[in-house]
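See structure below.
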Amino acid sequence: MRSNSPKSNLRSFRYSDEIAAILEAQEGNSLNEKFESLVLFCFYKLEKRKKDLELIEQDIKRERQRLYDLQHATEELRLLEKEIKDAQFYFRIVEHRAKAISEAAEKET
């Protein structure tokens, strides 16, 4: 992951003991190599994480749509169940009326 390009940017900067420990843990023989290794690692890791995040966001979008579809289907089933119960109620009323009419007709004969 190290860059072999010429080092034309000469800079000096101060950093904390925490940063020194992080730099020291990086690959490389010199502070410059370690710093370059850390920067390149973070840069390429960030690019990969951005791509991973895009894939995760697409998955979330698909799952949200699936959840919406399931909720919609569940609501449709609830409405259908209510309509079936309503129909059963009215069929019982019709059944009772038909029975009453039948009984009244039998009494007349």
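By convention here, the first residue in the shown sequence is residue 1.
In this structure, CZ in R97 is found 10.5 Å from OH in Y90, a value given to the nearest 0.5 Å. Remark: H72 NE2 to L77 CG distance equals 10.0 Å, nearest 0.5 Å. Rounding to the nearest 0.5 angstrom, the gap separating the CG atom in D59 from the CZ atom in R62 is 4.5 Å. To the nearest 0.5 Å, atoms OG1 (T74) and CG (L67) are separated by 9.0 Å.
At least one side-chain heavy atom of E106 sits less than 4.5 Å from a side-chain heavy atom of S102. In this structure, L55 and K51 have side chains that are not in contact, with every pair of non-hydrogen atoms separated by 4.5 Å or more. For the pair Q65 and K61, the minimum side-chain heavy-atom distance is 4.5 Å or more. Side-chain contact check for E36 versus L40: some heavy-atom pair is nearer than 4.5 Å.
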Extract all donor-acceptor atom pairs below 3.5 Å that involve side chains of residues 15-25 and protein atoms in other chains or at least two apart in sequence.
unit_1	atom_1	unit_2	atom_2	d
S16	OG	E18	N	3.4
S16	OG	I19	N	3.3

Between R78 and E81, is the salt bridge (Lys or Arg N to Asp or Glu O under 4.0 Å) condition met? List the steps. CA-CA 5 Å; R78 281 191 192 116; E81 180 183 27; over 6 Å; no
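The pair R66-E63 meets the salt-bridge criterion, with a side-chain N (NZ, NE, NH1 or NH2) lying under 4.0 Å from an Asp/Glu carboxylate O. Checked for salt-bridge contact, E103 and K107 miss the test: no charged N lies under 4.0 Å from a carboxylate O. Salt bridge present: D52 and R49 bring a charged side-chain N and a carboxylate O closer than 4.0 Å.
Here the closest heavy-atom approach between residue Q26 and residue K34 is recorded as O-NZ, 3.3 Å.
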